[in-house]
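Keep in mind that what you see is a predicted model, and the values were worked out from it rather than measured. Lettering of chains follows the sequences in order, A, B, ..., and the numbering in each one begins at 1.
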Amino acid sequence: MARILITSALPYINGIKHLGNLVGSMLPADVYARFRRQTGDEVLYICATDEHGTPAELAALAIGQSVQAYCDEQHEVQKRAGDQFGLSFDHFGRTSRDENYILTQHFAAKLQENGFVEKRTEKQVFSIADDRFLPDRYVEGTCPICAYEKARGDQCDNCGRLLDPTDLKDPYSSVSGSKDIELRDTTHLYLLQEKLQAPVETWVEDHADVWPALTLSIARKWLKEGLRDRAITRDLKWGVPLGDAFGPEMANKVFYVWFDAPIGYIAATKEKYDEWESWWREDKGAEDVSYVQFMGKDNVAFHTVSFPCTIFGSEEPWKKVDTLKSLNWLTWYGGKFSTSEKRGIFMDQALEILPADYWRWYLMANAPESDDTSFTLEGFAQTVNKDLADVLGNFVNRVTRFCKSKFGEEVPDGGEVGPVEEKLFAELDTRIASYTENLHAMEFRKACADLRAIWAAGNEYMQEAAPWTAFKEDPAKAAIGVRVGLNLIKLFGVLSHPIVPFTSEKLLAIFGTTDTSWPTGPAAEILTSLPAGTSFTPPDVLFKKIEDSQVEEWKETFGAP
RNA sequence: UGCGGGAUGGAGCAGUCCGGUAGCUCGUCAGGCUCAUAACCUGAAGGUCAUAGGUUCAAAUCCUAUUCCCGCACCCA
């Protein structure tokens, strides 16, 4: 039995996440976690809300709430949505909890002790009206190059030029609109990443064979350009305070959200488990842990380079990631899903329309693994109708209904395995092996294609076995067809569990079981696990089809182009 | 601008590392079956693999250049 530690990128606290966020990290992590639990491994799947930083402060300000209250509320909203989507976190924590404060301060102290941080003073824009320092992008003004009037201090969206806030003409705070802004000196703590390049580089290259191409190429890109020292503190109120460890002039600052967020993985574990160190400290029991991270491609650099700098700089034996699964973007009709502009479908809205498994299936079957993938409601409806309603749902329906009408509500006895069954067993042996392998490799689209082929194999078998014909001449021959069909339903229930857990539960409930142990023997044996005489309850229609009119309505509702 | 990823029948994708008859799902068309959610099963049509050169007996696959899409690099996360 292996010990598998799984984390998915921490969703930012700023509002409920959209389908792109979901499929980019949390959902594939959940599928993998469920699968590994089924194979008997000891799994710990950890996630948390990432709560610090300017956007959280401003979002709270905008609706007249304290940041704490805002985060409390948003955390609950996200937690509930995760539960409803069947995300099987062992713990869903928060980066604003004490455990994270303590650990973040611990790492910073170690980095200082080991000579990897130093103070540097720089100039930054301060808004007097807002009484806060402004990050570059929160300063707006007229672009010095193209005269666009709403250029941001980091970049002009009109001409695409990179800017400094000081380049802007007539600059103002985008928070309040005030022009009463000035440059002020501010001192920050810098993490000396240049000094940590060597160990990080060695560590990355040690994983060259096991990391996916996308992950590796992003990590190498950053290393090739050379790591730069990075400010790890900010002039904000909401965040992990520096305390008095770095001098009185630093006492009112907080750590940069990107410094404390990945530490949140560890802290979230500590929130719930006294034995947290056995998962995270190689000197305290974590040496046999295999650690898998899931994230969107935008996060890869932070996890392959920045956070490892923190870890290496601590010179302590913290567990580092072994396998890093990175995904591309899901796009909304080819454009961006956007939390700030509310474009696309969000987790709560999705569940108001349809149950979680509809979304889970489509998202995993079309996971953006090799390239950005476009989400369209038309494609969604087509896939769900075909795969879930026609191929899987209809199979369950036809087998249980036929059995009930001819043999009653229990698994019928009689009949011998013949060539039609042998052919099915051979097909399943190949497919189940491939499916298992692809789940292990986290090749989710391929795994879904395998699972779909397994469902389709059921229909092919029924077509050939044709118990409705056999029943007239030779009821025993019909009985074996139905018995195998019912056993297939149970097998589908087990195999489908990682991707569509709610459906899996329903399929197994037909036979009054909840056992999802991964099948290991040959199909010939697996398909006799339900003996003759077992009673069952035919289910209602598993998946209702999506109508064209609904697609049209949703396109309207969600502003599809 | 630099760096990464991508471009394959109407749609979505696999195949590219390790050159050798272009594969899967949907859609379309035809046939079969009738237990089932007008479902399922079988078969067919449809592609000069972004463009232009090159290497080779042979290129979707290797090399060079170009075009277009996405991401990153500064700030935010």
Side-chain angles (χ1 to χ4, degrees), chain A residues 9-14 21 50 52-56 58 124-125 134-139 152-155 160-165 213-214 216-222 224-225 228 231 234 256-258 261 296-302 326 328-329 331 334-336 339-340 362 365-376 378-383 385-406 443 445-446 448-450 452-453 456 458-471 478 481-482 485 540-545:
Chain A
L10 307 187
Y12 194 65
I13 194 69
N14 198 5
N21 296 130
D50 173 16
H52 300 310
T54 311
L58 293 180
Q124 208 179 346
V125 176
L134 294 174
D136 290 1
R137 66 162 45 198
Y138 289 94
V139 183
R152 286 187 323 232
D154 57 336
Q155 182 166 23
R161 205 66 69 97
L162 298 182
L163 302 170
D164 269 326
L214 180 64
L216 193 65
S217 62
I218 292 174
R220 280 179 170 161
K221 189 201 91 175
W222 277 54
K224 198 172 130 199
E225 287 170 4
R228 290 183 224 166
R234 289 293 185 272
Y256 178 35
V257 58
W258 255 115
K297 60 183 168 183
D298 57 329
N299 263 321
V300 174
F302 291 99
S326 49
N328 289 279
W329 302 117
T331 65
K336 273 191 179 178
T339 303
S340 55
Y362 177 83
N366 296 284
E369 290 178 299
S370 59
D371 193 7
D372 292 354
T373 298
S374 175
F375 178 92
T376 64
E378 294 87 340
F380 169 67
Q382 203 172 64
T383 301
N385 285 346
K386 193 71 194 170
D387 296 350
L388 295 183
D390 293 348
V391 177
L392 175 61
N394 180 57
F395 177 81
V396 173
N397 194 43
R398 72 194 290 204
V399 171
T400 51
R401 295 267 298 259
F402 181 77
C403 183
K404 186 182 173 185
S405 74
K406 298 293 189 275
E443 294 276 355
R445 265 195 319 228
K446 288 180 183 172
C448 287
D450 285 330
R452 190 191 182 286
N459 281 311
E460 287 164 35
Y461 168 74
M462 290 310 291
Q463 187 67 25
E464 283 194 56
W468 48 89
T469 306
F471 188 75
V482 171
D540 294 333
V541 165
L542 284 171
F543 300 99
K544 264 197 80 168
K545 288 208 206 189

K.L.:
Measuring from the side chain of Phe543(A) (C-beta onward, heavy atoms only), which nucleotide among rA14(B), rU37(B), rG12(B) has the closest atom?
P.N.:
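Of rA14(B), rU37(B), rG12(B), rU37(B) is nearest to the side chain of Phe543(A).
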
K.L.:
Quick one: label Thr373(A) by what it contacts on the DNA or RNA (base, sugar-phosphate, nothing), any heavy atom closer than 4.0 Å.
P.N.:
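Sugar-phosphate, backbone atoms only, no base.
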
K.L.:
Along nucleotides 41-47 of chain B, 5' to 3', which nucleotides get a B, which get an S, and which get a -, given that the test is a protein heavy-atom distance under 4.0 Å?
P.N.:
SS-----

K.L.:
Side chain of Thr469(A) only, heavy atoms from C-beta on: which candidate in rU34(B), rA77(B), rU37(B) is closest?
P.N.:
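Among the listed nucleotides, the one closest to the side chain of Thr469(A) is rU34(B).
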
K.L.:
Let me confirm one number: the CG-CD distance from Leu134(A) to Gln124(A), rounded to the nearest 0.5 Å.
P.N.:
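Reported value, rounded in 0.5 Å steps: 8.0 Å.
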
K.L.:
What does Ala389(A) touch in the nucleic acid at a heavy-atom separation under 4.0 angstrom: a base, only the sugar-phosphate, or nothing?
P.N.:
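The residue Ala389(A) makes base contact.
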
K.L.:
Contact class for Tyr256(A) vs. all strands (heavy atom < 4.0 Å): base, sugar-phosphate, or nothing?
P.N.:
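Here Tyr256(A) touches the bases of the nucleic acid.
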
K.L.:
Can you tell which of rG71(B), rU37(B), rC75(B) lies closest to the side chain of Leu542(A)?
P.N.:
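Selected nucleotide: rU37(B).
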
K.L.:
Using a 4.0 Å heavy-atom cut-off, does Lys446(A) contact any base of the nucleic acid, only the sugar-phosphate backbone, or nothing at all?
P.N.:
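Here Lys446(A) touches the backbone only, sparing every base.
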
K.L.:
Just how far is it from atom CG of Asn397(A) to atom CZ of Phe543(A), taken to the nearest 0.5 Å?
P.N.:
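Here the rounded value is 12.0 Å.
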
K.L.:
Whole angstrom is fine here: how far is it from CH2 in Trp329(A) over to P in rG12(B)?
P.N.:
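Taking atom P of rG12(B) as the reference, CH2 of Trp329(A) is at 21 Å.
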
K.L.:
Mind checking if Gly379(A) touches a base, just sugar-phosphate, or nothing, with heavy atoms under 4.0 Å?
P.N.:
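Result for Gly379(A) = nothing.
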
K.L.:
Using OP1 and OP2 only, check whether a side-chain N or O of Arg234(A) sits under 4.0 Å from rC75(B).
P.N.:
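Negative; the distance criterion is not met.
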
K.L.:
Answer yes or no: is there a donor N or O on one side and an acceptor on the other, between the side chain of Asn385(A) and the main chain of Ala381(A), under 3.5 Å?
P.N.:
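Looks like yes, one N/O pair under 3.5 Å.
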
K.L.:
Can you tell me how far C1' of rU34(B) sits from CZ of Arg401(A), to the nearest Å?
P.N.:
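To the nearest whole Å, that distance equals 14 Å.
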
K.L.:
Using the P atom as the point on both nucleotides, what is the distance between rA60(B) and rC33(B), in whole Å?
P.N.:
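One P to the other, the span is 42 Å.
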
K.L.:
Which part of the nucleic acid, if any, lies within reach of Val257(A) when heavy atoms closer than 4.0 Å are counted: base, sugar-phosphate only, or nothing?
P.N.:
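Contact class for Val257(A): sugar-phosphate only.
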
K.L.:
Scan every strand shown for a Watson-Crick or G-U wobble partner of rG19(B), both distances under 3.5 Å, and answer none if you come up empty.
P.N.:
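rG19(B) is paired with nothing.
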
K.L.:
To the side chain of Arg445(A), which of rA14(B), rC33(B), rC75(B) is closest?
P.N.:
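So the side chain of Arg445(A) is nearest to rA14(B).
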
K.L.:
Considering only the P atoms, how many Å lie between rC13(B) and rA45(B), rounded to the nearest integer?
P.N.:
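Each nucleotide's P atom is 25 Å from the other's.
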
K.L.:
Given 3.5 Å as the limit, does a donor-acceptor pair link the side chain of Arg137(A) with the main chain of Arg152(A), or not?
P.N.:
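Not at all, since once roles are kept as given, no pair shorter than 3.5 Å links the two residues.
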
K.L.:
Of the nucleotides rC40(B), rU25(B), rA77(B), which has the atom closest to the Asn394(A) side chain?
P.N.:
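When the side chain of Asn394(A) is considered, rC40(B) is the closest of rC40(B), rU25(B), rA77(B).
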
K.L.:
Does any non-hydrogen side-chain atom of Arg234(A) lie less than 4.5 Å from one of Val257(A)?
P.N.:
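The answer is no; the side chains never approach within 4.5 Å.
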
K.L.:
Is there side-chain contact between Trp258(A) and Asn299(A), with at least one heavy-atom pair below 4.5 Å?
P.N.:
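They are in contact (side-chain heavy atoms under 4.5 Å apart), so the answer is yes.
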
K.L.:
Could you check how far CG of Asn385(A) sits from P of rA11(B), rounded to whole Å?
P.N.:
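Atom CG in Asn385(A) sits about 21 Å away from atom P in rA11(B).
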
K.L.:
Answer yes or no: is there a donor N or O on one side and an acceptor on the other, between the side chain of Tyr362(A) and the main chain of Gly379(A), under 3.5 Å?
P.N.:
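No; zero donor-acceptor contacts below 3.5 Å.
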
K.L.:
Do we count Phe402(A) as stacking onto rC35(B) if the rule is ring centres under 5.5 Å and planes under 30°?
P.N.:
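It does not: the two rings, one from Phe402(A) and one from rC35(B), miss the stacking criterion.
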
K.L.:
Choosing from rC75(B), rC26(B), rC35(B), which nucleotide comes nearest the side chain of Arg137(A)?
P.N.:
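Closest nucleotide among those given: rC75(B).
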
K.L.:
Would you mind telling me which residue lines up with the more 5' stretch of RNA chain B, Gln382(A) or Ser374(A), judged by nearest nucleotide?
P.N.:
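This one resolves to Ser374(A).
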
K.L.:
Which is it for Phe380(A) and Asn366(A) under the side-chain contact (heavy atoms from CB on, under 4.5 Å) test, yes or no, and what are the steps along the way?
P.N.:
CA-CA 10 Å; Phe380(A) 169 67; Asn366(A) 296 284; over 6 Å; no

K.L.:
What nucleotide, of rC74(B), rC76(B), rC70(B), holds the atom closest to the side chain of Pro135(A)?
P.N.:
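Output: rC76(B).
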
K.L.:
For Lys297(A) and Asn328(A): C-alpha separation, side-chain torsions, deciding distance, then whether side chain to side chain donor-acceptor pair (under 3.5 Å) applies.
P.N.:
CA-CA 6 Å; Lys297(A) 60 183 168 183; Asn328(A) 289 279; 3.2 Å; yes

K.L.:
Can you tell me if the side-chain N/O atoms of Tyr362(A) get under 4.0 Å from OP1 or OP2 in rG12(B)?
P.N.:
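It does not, given that no N or O in the side chain of Tyr362(A) lies less than 4.0 Å from OP1 or OP2 of rG12(B).
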
K.L.:
Using both distances under 3.5 Å as the test, list the Watson-Crick or G-U wobble partner of rA30(B), or none.
P.N.:
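Its partner is rU42(B).
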
K.L.:
Base, sugar-phosphate, or nothing for Trp258(A), non-hydrogen atoms under 4.0 angstrom?
P.N.:
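It contacts base atoms.
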
K.L.:
At 4.0 Å (heavy atoms only), tell me whether Asn328(A) reaches a base, stays on the sugar-phosphate, or touches nothing.
P.N.:
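Touches nothing.
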
K.L.:
Should Arg228(A) be listed as having a side-chain N or O under 4.0 Å from OP1 or OP2 of rA73(B)?
P.N.:
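Negative; the distance criterion is not met.
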
K.L.:
Between Asn366(A) (CG) and rG12(B) (P), how many Å, whole number?
P.N.:
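Interatomic distance, CG of Asn366(A) to P of rG12(B): 11 Å.
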
K.L.:
Say we look at rU8(B) and rU51(B): how far apart would their P atoms be, to the nearest angstrom?
P.N.:
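Approximately 10 Å lies between the P atom of rU8(B) and that of rU51(B).
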
K.L.:
Quote, to the nearest angstrom, the P distance that separates rC24(B) from rG15(B).
P.N.:
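Looking at atom P only, rC24(B) and rG15(B) are 15 Å apart.
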
K.L.:
Rounding to the closest angstrom, what is the interatomic distance between rA50(B) and rU37(B) at atom C1'?
P.N.:
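Looking at atom C1' only, rA50(B) and rU37(B) are 42 Å apart.
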
K.L.:
Please determine, for the side chain of Thr54(A), which listed nucleotide (rC35(B), rC13(B), rA77(B)) has the closest atom?
P.N.:
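The closest nucleotide is rA77(B).
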
K.L.:
In the strands shown, is rA14(B) matched to any nucleotide by a Watson-Crick or G-U wobble pair with both distances under 3.5 Å, and which?
P.N.:
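The base-pairing partner of rA14(B), which may sit in any strand shown, does not exist here.
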
K.L.:
For the side chain of Tyr138(A), starting at C-beta, report the closest nucleotide among rA77(B), rG12(B), rC76(B).
P.N.:
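The listed nucleotide nearest to Tyr138(A)'s side chain is rC76(B).
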
K.L.:
If I take atom CG in residue Asn397(A) and atom P in nucleotide rU34(B), what distance separates them, rounded to the nearest angstrom?
P.N.:
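Checked: the CG to P distance equals 18 Å.
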
K.L.:
Asp387(A) has an atom CG; how far is it from atom C1' of rC40(B), in whole Å?
P.N.:
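In whole Å, rC40(B) C1' lies 14 Å from Asp387(A) CG.
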
K.L.:
To the nearest angstrom, how far is Arg452(A) atom CZ from rC26(B) atom P?
P.N.:
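From Arg452(A) CZ to rC26(B) P: 4 Å.
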
K.L.:
Quick one: Met462(A) CE to rG32(B) C1', roughly how many Å, whole number?
P.N.:
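After rounding, the gap between these two atoms is 17 Å.
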
K.L.:
Checking base pairs now: Watson-Crick or wobble, both atom distances under 3.5 Å. What partners rC68(B)?
P.N.:
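Per the H-bond distance test, rG6(B).
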
